[in-house]
Protein chains: 2
Amino acid sequence: MGSTEEKKTNVLLIGSGGVGTIVAYGIDYVGKSRLDIVVRRDYDAVSKKGYDIDSCDYGQISGWKPDNIFASTDAAGEQAKASGLKYDFIVICTKNLPDVLKLEDVVAPVVTEEHTTFVLMQNGFDLARPFFAKYPKNVVVSGVSHIGSHNHNGKVKQTQQDRTYIAYFENPNLGPQIQEQKTKQFISIYSNDKNSCGYYPSAKHNRYMKLVYNSTMNTVCALTGVDTGRLEYSGGLERISIPAMREVVAVAKADGVDLPDDCISHAIHSDDGDWFTPSMAVDVQKGNPIELEVIVGNLLTVARELKVQTPTLDILYELLRVVQFRLKENQGLISLPEKRPIHDKFWS
Amino acid sequence: MGSTEEKKTNVLLIGSGGVGTIVAYGIDYVGKSRLDIVVRRDYDAVSKKGYDIDSCDYGQISGWKPDNIFASTDAAGEQAKASGLKYDFIVICTKNLPDVLKLEDVVAPVVTEEHTTFVLMQNGFDLARPFFAKYPKNVVVSGVSHIGSHNHNGKVKQTQQDRTYIAYFENPNLGPQIQEQKTKQFISIYSNDKNSCGYYPSAKHNRYMKLVYNSTMNTVCALTGVDTGRLEYSGGLERISIPAMREVVAVAKADGVDLPDDCISHAIHSDDGDWFTPSMAVDVQKGNPIELEVIVGNLLTVARELKVQTPTLDILYELLRVVQFRLKENQGLISLPEKRPIHDKFWS
């Protein structure tokens, strides 16, 4: 950790799961920032004992703590207000479930308008739109992380190197200079000799590239209960995922992004050699809500705006909305009457 | 049971689950037939102790046995050959899984060509096609059963009255007279004062009507893991199943069958008041293979022949093929190498 004098940048990181904890530790390792963390589920454990980390990048770490640990953004906001602190960066590493929780509202107590830069280290596409609507003059940075790291009951195990692409979501209300400057500033407080954290010229391009896999293979695996290997063996890759990939490429093209010719081949070969179960399928297995809106819903919003047909993705989305309904009900987020009511809607 | 003199018709019934056992008992109750049963899973139990039946139609029955019980069609065929017996009717009440087991091959040892009439008391559409291909001069009768009856470990419990519509699948190699005659002969050995078994003028019409529900609500429930009530609440009924229903109606129309205007409304209201889990979704829950080919695959074959577009059903079918792959693997019908091989197909 750098000396107090050097720690000029105020950072609040939200969500210290497998990825968030490694990002937080990386920022602390660089030592240019005062770092606070908001953590909900594991608050009691980590506020007492700190974090235990077994990292392929940073080694064995026991009882590590940032400057402050808060149970909520409300708590962080109160202390910031009391001490006159303005967060320069809010780094969000939570799951992204806008149909369950609106992150632009969650962060409201800790934001300084026209000052705080958001860093969205999350899955999904077009994530900045609700932030631009609520905070039109703030910069929103995109972090696309390729990392193998999991939080098992408060112990974080990182098995694959942290490779992160950093870009900015283009805010139409701000010029490119300030956005690029903030983005590079974030890289300067995070990039170090252990990780691989680079500037990516276009968040949109980067996010479309990820969607070629996530909205087509991740989704179909989630619906059908197979890994990506069995998706290939069963023919689903060829007959559902690849047509869906072509739709992603078409939306990107209409959106001014020419994805490389080999992007479909690249997605298909991502898990070569592994019977790999992707994130959304893991969530379904565990009974957790899925990141459907940011992985498919936001893409379809753009497709509709640009009048691109996406027949395969449309049905995958609608089917997964039914799955999401079930997952939310299982988590107590939806409740239904014991006796099924009889409706007489338009089809009666 | 009628006296031996009256029992002029030789019947072999295959598959004595919840439906098959009640059909068998009904045929025996009428008393015009010599009745043999082929039963695989419960053979040891029922060949010793007979069937225990708790039936809303026939009451409490203990230790009932038909004339013979066989473990296979091979065993039935050997005995028939030895005694010079020709089966007049082969009534098939098994699940219909042509991608697992071809029933037209299973019955080969017990068929007399140009003589035996098949009665397919099974779910699905266009079931006679493989029988016509293999036995071009035999009649194939369609039985669409609306019955609530389940086999729990060899004890059959029937909770809803047996209402069965009997028709024939139009065999292009035979005239209507012989087909209608065999169909009505089957009704005469089965229909009785306890059940409700009527002649239906068109098997095709009858089967299309069932598909309006089965290929659209049963399938989506199977994919998403919800009952038909939750399908409605989540919006999936409106956004996936109803568009799929319109596709079924369009295929039927191109196939010369005008379904009634209220057929969609009728399907939607089938389970009114119940949080009902349909058969295919139950099979997925239990890990059993699904009747995908006869409920969707055969319909899509006809749609392709008639050049009708079925974009929703196509994707439901392809997704459920992936689910079927998983279910078959879980049952040991497919095995995969421990290490996932790397393929370089056309997308390499």
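Lettering of chains follows the sequences in order, A, B, ..., and the numbering in each one begins at 1.
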What pairs of residues pass the ring-ring contact (aromatic ring centres under 6.0 Å, His included) test when at least one of them lies in residues 215-251 of chain A, not counting sequence neighbours? Y233(A)-W275(A), Y233(A)-H343(B)
Could you verify whether a donor N or O on one side chain and an acceptor N or O on the other, from [X] and [Y], lie under 3.5 Å apart?
X: D54(A); Y: Q158(A); value: no
X: E291(B); Y: N96(B); value: no
X: R326(A); Y: S234(B); value: no
X: Q122(B); Y: T94(B); value: yes
X: N218(B); Y: S279(B); value: yes

Do H146(B) and Y165(B) have ring centroids that are under 6.0 Å from one another? yes
Against chain A, label [X] side chain, backbone, both or neither, depending on which of its atoms sit under 4.5 Å from a heavy atom there.
X: Q324(B); value: neither
X: T219(B); value: neither
X: I240(B); value: side chain
X: I334(B); value: neither
X: D271(B); value: both

Only pairs of heavy atoms separated by less than 4.5 Å count here; which of [options] has the most with chain B?
options: V284(A), L336(A), L231(A); value: L336(A)
options: D314(A), L320(A), V220(A), T312(A); value: T312(A)
options: V322(A), L223(A), L316(A); value: V322(A)
options: D274(A), D262(A), V226(A); value: D274(A)

With a 4.5 Å cut-off on heavy-atom pairs, point out which of R321(B), E318(B), R340(B), E338(B) contacts chain A the most. R340(B)
Report the option among A222(B), G225(B), P243(B), G236(B) that has the most heavy-atom pairs separated by less than 4.5 Å from atoms of chain A. G225(B)
Using only atom types and a distance under 3.5 Å, with no angle test, would you say the side chain of K95(A) pairs donor to acceptor with the backbone of P289(A)? yes
